[in-house]
Amino acid sequence: MPIHNTEIADSFDRLADLLEVEGANPFRVRAYRNAARTVRGYGKSMAELLAQGEDLSELPDIGKDLAAKIRTFVDTGKLPLLEEVEARTPAALSTLMKVPGLGPKRVKALYEELNIRSVDDLKRAARSGKIRELAGFGKKTEAMIRQRLEHFTGETPRVKLIIAEEIARPLVQYLKQIEGVKEVTVAGSYRRRRDTVGDLDILATATRSSPVMDRFVAYDEVDEIISHGKTRSTVRLHSGLQVDLRVVPQVSYGAALHYFTGSKAHNIAVRTLGVKKKLKINEYGVFKGDKRIAGRTEEEVYRKVGLPWIEPELREQRGELEAARDGNLPALIRQKDIRGDLHCHTKASDGHHSLRQMAQAAAERGYEYLAISDHSRHVTVANGLDSKRLLAQIGAIDRLNEKLDGIKVLKAIELDILSDGTLDLPDSVLKKLDFTVCSVHYKFDLPRKQQTERVLRAMDNRYFNIFAHPTGRLINEREPYDIDLEKIMQAALERGCFLELNAQPDRLDLTDEACKLAKDMGLRVAISTDAHSTSDLDYMRFGIDQARRGWLEPKDVINTQSLKALRKLLDRT
DNA sequence: GCCGTTTTCGGCCCGACTGTTTTCAGTCG
């Protein structure tokens, strides 16, 4: 089994946790965490890079030592240092570190003083009242641990962006109505438009902060007040989502927005640039000595470290600072660049609206074209079309196009890729279409090699155009199937096929990282909503979000092209 | 453990809140 990047990253993170408990040099600990982030977020697999003879120490935050450790891990499946550390420090202490309120020092004390080496040990100790007797602990800390353990599952749940929006919207409205409040902005990973968010980070400006805080913690949906300070408070809502509110004066808005938007790694890097220029950057501004020299806007903050403003979606410490320094920031795609949607369904299969209704809805959104791509026959649960029904639909689209003005309906199909790599309908029918959208709906559990070859074989058919939702993941519900995306991308590039970024908020498949990989390889993608109703067409914005996180520009996306140019791109014959 | 238009050694972001403390350590983001 090839080693996945996540396995390497998880091991580095666990190692960092245990070293931290052992009291290792904090900067060494951070080095492991930084490396974990680089590996986790890298589009290509470390195993693949090594096989290609690449020097991993060229990657950011990976030096000679960690490059060697990754090589050992890939070759042997083992990280000897981790095994060494686990021999003297229980591995589960890394889990205990994830209990909110417990960090390395407390975990170390609990382990050394009370021999607590698991979550169950901790629960028992918290109930028995032993924890309060430890130096540095007390009654309140013990009660806090007991309470946090009730909700503790071992991993921090992340909610889908669309759900976070539903939770944030009324809360922002509520905060805006508080007297003295000027701006309310949801920052954090929400503003960076990550596909999921772990919490909501809300920034507000106000003349006086205390009254805002008092109203915030009194919000109807608050389940637990975790902290309640003058300028910062944290609560957990009934939905389980944690919300931080930070209030700053208006002159600090830009600096605070930058700080609260993150990512943490990006912030640290920007602050480090400041240090080199003898500047101190915090959430109140940019300071030269005691004097604030910037902070009202984010632009000011970046300018003081010699950089142009960087779009929030790029702030992941994935090379955006270097690109900004060198004047190479991408001109990210925007919703208005999209000229049409290339994947949607009608009542003919499992959609809710008719051909005409879908076409009208697309026209209302200013599109020049809309492709109808109902399911093919193999997807029986979705009432997939056989050849006869597809031919009938083709006729219906031709007749509709004669009546429509300003928008062109394209004839397509979401064609099932069967497990042996053949396509679900004969070429004699497919050739009557404008193009095909091909996807996997069954046999998700094939081994990586087989799954990859299945799609490669399908791609050999000249009527294969766009590979839809390429990993099949459903966020928080279904893991992606095992497939070599890089190989698929390379094959698509060679054959003139494209990959879809499916904009359904449950899918967002390709991921941001995969989009970046495609871009780096020179492969363009289609951003499509897979709409099953007219209102689903609005999911396009979620696709745009992820495309932007993947550094995509209009030229990297095929449905920013005119109909004429698009037809040319989709013609393989 | 990483990194270098000051450095191959000596740095490594910065502040708020809480609880247990008589001035600060731990945690978090």
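Below, read A as the first sequence line, B as the second, and so on, with proteins coming before strands; counting in each chain starts at 1. Keep in mind that this is a model prediction, so the values were computed, not measured.
Relative to the ring axis of A/Phe12, A/Arg33 does not place its NZ or CZ within 45° and under 6.0 Å from the centre. For A/Arg193 and A/Tyr190, the positive end sits near the middle of the six-membered ring, less than 6.0 Å away and at most 45° from its axis.
As judged by a 4.0 angstrom heavy-atom cut-off over every strand, A/Phe137 is placed among residues touching the sugar-phosphate backbone only. At the heavy-atom level, A/Val247 lies nowhere under 4.0 Å from the strands shown. Within the nucleic acid shown, A/Ile268 comes within 4.0 Å of at least one base atom, counting heavy atoms only. Residue contacts shown for A/Lys105 are limited to sugar-phosphate atoms, with no base heavy atom under 4.0 Å away.
Taking a cutoff of 4.0 Å between a charged side-chain nitrogen and a carboxylate oxygen, A/Arg473 and A/Glu479 do not qualify as a salt bridge. Here A/Glu165 pairs with A/Arg541 in a salt bridge; the nearest charged N to carboxylate O distance falls below 4.0 Å. A salt bridge between A/Glu221 and A/Arg236 is absent, with no side-chain N of the basic residue lying under 4.0 Å from a carboxylate O of the acidic one.
Atom P of B/dC17 sits at a distance of 23 Å from the matching atom of B/dT23, rounded to the whole Å. On the P atoms, B/dG26 is 14 Å away from B/dT20, given to the nearest whole Å. Nucleotides B/dC9 and B/dG19, compared at atom C1', are 39 Å apart to the nearest Å. Comparing the same atom, P, in B/dG4 and in B/dT8 gives a spacing of 13 Å after rounding to whole Å. Separating the C1' atom of B/dC2 from that of B/dT7 is a span of 14 Å, rounded to the nearest Å. Between B/dT6 and B/dG11, the two C1' atoms lie 12 Å apart (nearest whole Å).
A distance of 6.0 Å separates OG1 of A/Thr234 from CD of A/Gln242, quoted to the nearest 0.5 Å.
The closest donor-acceptor contact from the side chain of A/Asp326 to the backbone of A/Asn328 lies at 3.5 Å or more, if one exists at all.
The partner of B/dT8 is absent, by the rule that a Watson-Crick or G-U pair needs both atom distances under 3.5 Å.
First and last contacting nucleotides of DNA chain B toward chain A (any atom under 4.0 angstrom from a heavy atom, 5' to 3' order): B/dG1 to B/dG29.
Between the side chains of A/His228 and A/Asp214, at least one donor-acceptor pair of N or O atoms lies under 3.5 Å.
Heavy-atom distances to DNA chain B give each of A/Lys277 and A/Val107 a nearest nucleotide, and the one nearer the 5′ end belongs to A/Lys277.
Contacts between residues 28-37 of chain A and DNA chain B, defined by a heavy-atom separation under 4.0 Å, are made by A/Arg28, A/Arg30, A/Ala31, A/Tyr32.
None of A/Glu283, A/Glu299, A/Arg315 except one satisfies the side-chain contact (heavy atoms from CB on, under 4.5 Å) rule with A/His258; the exception is A/Arg315.
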